[in-house]
Amino acid sequence: MSEPTAAPAKKLFLLDAFALIYRSHFAFAKNPRVNSKGMNTGAVLGFTNTLVEVLQKEQPTHIGVCFDAGKTFRHEKDENYKANRQAMPEDIGIAIPYIKQILEGFHIPILLMKGYEADDVIGTLAQQAEREGFEVFMMTPDKDYCQLVTEHIKIYRPAFMGNAAEVLDVAHVLARFEVERVEQVVDILGLQGDASDNIPGIPGIGEKTAKTLIQRFGSVENLIANSDQLKGKQQENVRNFAEQGLLSKELATIHVNVPIEFEPDKLVMEAPDANRLRALFEELEFRQLSARILGGEVAGSRPAAPAGPVGRGARRPKVVAPAGQGSLFGEGSAAVVIAAENGEFAPGEAHQEYHGSTKTLADVPHNYHLVDTPALRKSLLGFLLQQKEVSFDTETTGLNTMTARLVGLSFSWHVGEAYYVPVPQDETAQALVEEFCPFFESNIVKIGQNIKYDLLILKNYQVRVNGPFFDTMLAHYLIEPDMRHNMDVLAETYLHYTPVPITDLIGPKGKNQKTMADLPPNEVSDYACEDADVTLQLRHVFEPMLKSLGLLELLNEVENPLVPVLADVEFAGVRIDSEAMGEYSAELQGYVQDLETQIFKEAGEEFNIGSPKQLGEVLFDKMQVGRGTIKKTKTGQYATGEEVLSQLAGDYPIAGLILEYRQLSKLRSTYVEALPQLVCQDGRVHTSFNQAVTATGRLSSTNPNLQNIPIRTEKGREIRKAFVPRDDNHLLLAADYSQVELRIMADFSGDATMIEAFRLGQDVHRSTASKVFHVPLEEVDGEMRRKAKTVNFGIIYGISAFGLAQRIGISRKEATDIIETYFQEFPSVKQFMDDSINRARELEYAETLLKRRRYLRDINSRNATLRGYTERNAINAPIQGTAADIIKKAMINIHDWLEKERLGTKMILQVHDELVFDAVKEEVDYVTPKIKELMTQALLLPHGVPLEVEVGTGSNWLKAH
DNA sequence: CGCCTCACG
DNA sequence: ACGTACGTGAGGCGC
């Protein structure tokens, strides 16, 4: 690409609006940007950013933006043209008028011609401009424009998803399409077709073949004329679809004879209307963009907003808090005391609303107070007890709930008003917590962000906090399950507010990081108060959102009540027999060393077996193992995964040895060595269950992860023997749902055959095998059952013939046959899968029995791989998520029952479809049937497919199964 | 810190 | 033509 040294005097940019808007919209699909009014602003923001970038970097002298307008001549030529296109997503429809207004604000003309598409208009104008000596840049991500590229007409592909902006000139186009002349681009485009535009092309010809054929014949016409030189099926197709091929070329051609005149004067770049833009950006809540291009809003420097559009645009939606009962201020003696001590408080309600320039603590009116005398604490407690709802937060010395010590408590019940109560110097944390016990034990609604953490901290002081709870983290988890729910981010997104970063107080992460206990209370106070205040405000934002999404019940009946249950489960912990672990570690170490010796002998050299890089080089470069079928990872390394090595194990003993080595060293490092290190003084490990991580509604477990303790292999299973009851008076009790997900699938699909199998209590995999392989039940052998089981799982995951073939080691053809037979035998299952996808296409989300959502914004993507992945999610998410709903309900009910009955049995683990208890021996007979009942009856499935639960007990986790 | 591999449901 | 079953978390390697 050779640019003249001097910038061209006349530089015209023509933007393809819809192509850029669609791209922006999908760029934000994974992480949608929503403003406080609930508008998805991704498309507008992306488009505006692109526009601004080009204005600043490229400084065009002339510019215009083209929109498509109405049906085009292409629809008349072919009624199917673009028939495949989904209707415009609603979010884009809403975005268009904003984008047009923004363009008006920039004084950039909008170009459109009824009956022509943007590319035709852009092509026509570009050629006219070129004749008048312009350097023209067509701004679009669409490769079809390549056919228009000349010496002075180029494509400007804006920066996208990490790729830098790119200018495509003639040389790029010729290289990209592997043609000699730019004119041949349309031949390639037409020949290969375009599914998303419904340009049919010629069957059997894709990108690769199209390039080869055009290289050979030069054009579609010439290809057809010389089809006698082609062979077999290809010749047949080219002959039979000759006309379709020509039509496709025609459809792919951009027409540069649009009756429109290039009037340079109208496209001259002008200065924007800053006020208009500022108002628009305000309304859209594009704060950073606004500051960047219109100048920052330094607090106080901005003139008072006059009445009128700017003033109105700048107005924030109100954060309205329901009136609390009383305040520390203006009422009673406490207010007087605080007023006297702080000398700063102003009663009044100035904190109710955020204004345009408010961003951080310094910009927002607030009444934050340090409560650090016995009289103040007493007074605060009195007010707390009068409230219906209070947000509270704990300040501690660390994140580990088992070791962190309490430093202070903060409370808020009025927006903008909060109180921080430090642990008094002459008192213990224990005494402070006890002082506020009347509040914690009350039935006032307790609002918190990740409130399980606070419950656990308080549990260390023997305080059992009473509900109801409202956790803002969980509220947001239901609103946007696949986003992060960190409070600072939530505050930025929903309150347009940046809380004080904790590092401002305790310093950056590192060796000398302080803790809250190292700081004087008055330095902690604002931070702590802010947390409680922000949390309260988030609650007021989220509640109406949840209500309108139909998620409030799920939050109030499942997620919030589960919080204290999980806190108890984590607090209880699981006893680990560290001694047994130690012995097993030594045993494994012996095996691992033997294997290492053997592997080195086979390899003829020593190397790090744990390094996939070194291992790949030894196996494939040096030893030349498995010639011909070498797999590589996406980063170009040799793949040495389980799949590859098992394949080789038959021919090369070293492969089997490596697999065994891998398995045993994994067991040792991940479990046998790591677990004892996490055992607390009480002899137990306390995992953390994260309630806001998975996209489907499941829990996850960390520190350690107790949801992936080995069971599938003999040597792995051994580890479960070290999971033992807390003392001699207890037994481990494990209760498993049997095939929940398959039952849910059977129920949702309403498939009579499969439902019948479950109703009769049959072995479903066996009965599936009997149906799929057309043999009587009694003749199903182990192999058939194993295959049928894999198929059943496959169905839940959104089966593909390829995936199934790989898993059970059969050909794709056989897999296709099995799937076909399966769908014949269980037609409603097929129907269910199709329905799930279609429903998700319309809604752009999937939902569970309890209305939990998983957004699937890529389900209408034109990227086939991405779409396929999302379609499988549309099938799987409701099933996996409903199973999660069910076990969560069961956990709440069991926990409540154990508590109500004052039993000593404790729930200690959840592993997706299993609950584990530390059961008091004398209670086992009593709790077993009840646990079974509460699990099977947790939720009733719509078609009444019964749930089944197996319960076992034993002196360790393995024996309990 | 990203990648690979592998443990579980 | 493409790439391929759903959902997680952790350890070790190598940059």
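Predicted model only: the values in this text are computed from it and were never measured. Every chain is numbered from 1, with letters handed out A, B, ... down the list of sequences.
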**OP:** Report yes if a side-chain nitrogen or oxygen of A:R867 is closer than 4.0 Å to either non-bridging phosphate oxygen (OP1 or OP2) of C:dC2; otherwise report no.
**Re:** no

**OP:** Salt-bridge test for A:D858 and A:R867: reply yes if a basic N is under 4.0 Å from a carboxylate O, no otherwise.
**Re:** no

Subject >> From A:K715, A:R720, A:K721, residue fulfilling side chain to side chain donor-acceptor pair (under 3.5 Å) relative to A:E718 >> reply: A:K721

Please report, to 0.1 Å, the donor-acceptor pairs under 3.5 Å made by any side chain of residues 789-800 of chain A, with sequence neighbours excluded.
residue	atom	partner	partner atom	Å
A:T790	OG1	A:R786	O	2.9
A:N792	OD1	A:Y822	OH	2.8
A:N792	ND2	A:H765	ND1	3.0
A:N792	ND2	A:T768	OG1	3.1
A:S800	OG	A:G803	N	3.0

Original post:
Is any N or O donor-acceptor pair between the side chain of A:R807 and the base of C:dT4 shorter than 3.5 Å?
Top reply: no

Original post:
Contact boundaries of DNA chain B with chain A (under 4.0 Å, heavy atoms), 5' to 3'?
Top reply: B:dC3 to B:dG9

**OP:** List in chain and number order the residues that pass ring pair (Phe, Tyr, Trp, His ring centres under 6.0 Å) with A:F802, two or more places apart in sequence or in another chain; answer none if no residue qualifies.
**Re:** none

Subject >> A:E844 with A:R857: basic N within carboxylate O range, under 4.0 Å >> reply: no

Original post:
How about A:K932 and A:E950: do any of their side-chain heavy atoms sit closer than 4.5 Å?
Top reply: no

**OP:** Answer yes or no for A:K622 and A:F607: cation-pi contact, defined as NZ/CZ to six-membered ring centre under 6.0 Å and angle to ring axis within 45°.
**Re:** no

Original post:
Could you state the CG-P distance from A:L804 to C:dC6, rounded to the nearest angstrom?
Top reply: 14 Å

Original post:
When Watson-Crick pairs (N1 to N3 and N6-O4 or O6-N4) and G-U wobble pairs (N1-O2 and O6-N3) count only below 3.5 Å on both distances, what is the dot-bracket string of DNA chain C, with | for other-strand pairs?
Top reply: .....|||||||||.

Original post:
Taking all atoms of both residues into account, what is the closest heavy-atom pair of A:A815 and A:A801, and its distance?
Top reply: CB-O, 3.4 Å

Original post:
Within this structure, what is the CZ-to-C1' distance between A:F802 and C:dT4, rounded to whole angstrom?
Top reply: 6 Å

**OP:** Before giving the answer on side chain to side chain donor-acceptor pair (under 3.5 Å), spell out for A:E559 and A:Q691 the whole-Å C-alpha distance, their side-chain angles and the decisive distance to 0.1 Å.
**Re:** CA-CA 8 Å; A:E559 301 300 347; A:Q691 209 179 333; 2.7 Å; yes

Subject >> A:R852 and A:D885 ion-paired at < 4.0 Å >> reply: yes

Original post:
For A:N792 and C:dC6, what is the distance between atoms CG and C1' respectively, to the nearest whole Å?
Top reply: 15 Å

**OP:** Grab the NE2-C1' distance between A:H912 and C:dG7 for me, whole Å please.
**Re:** 7 Å

**OP:** State whether A:R872 places a side-chain N or O below 4.0 Å from either non-bridging phosphate oxygen (OP1 or OP2) of C:dA5.
**Re:** no

**OP:** Determine which pairs satisfy side-chain hydrogen bond (donor to acceptor under 3.5 Å, both in side chains) with at least one residue from residues 607-621 of chain A, sequence neighbours left out, and list them in order.
**Re:** A:D621-A:Y638

**OP:** Report, as a single string ordered 5' to 3', how protein heavy atoms within less than 4.0 Å touch nucleotides 9-15 of chain C: B base, S sugar-phosphate only, - not at all.
**Re:** BBSSSSS

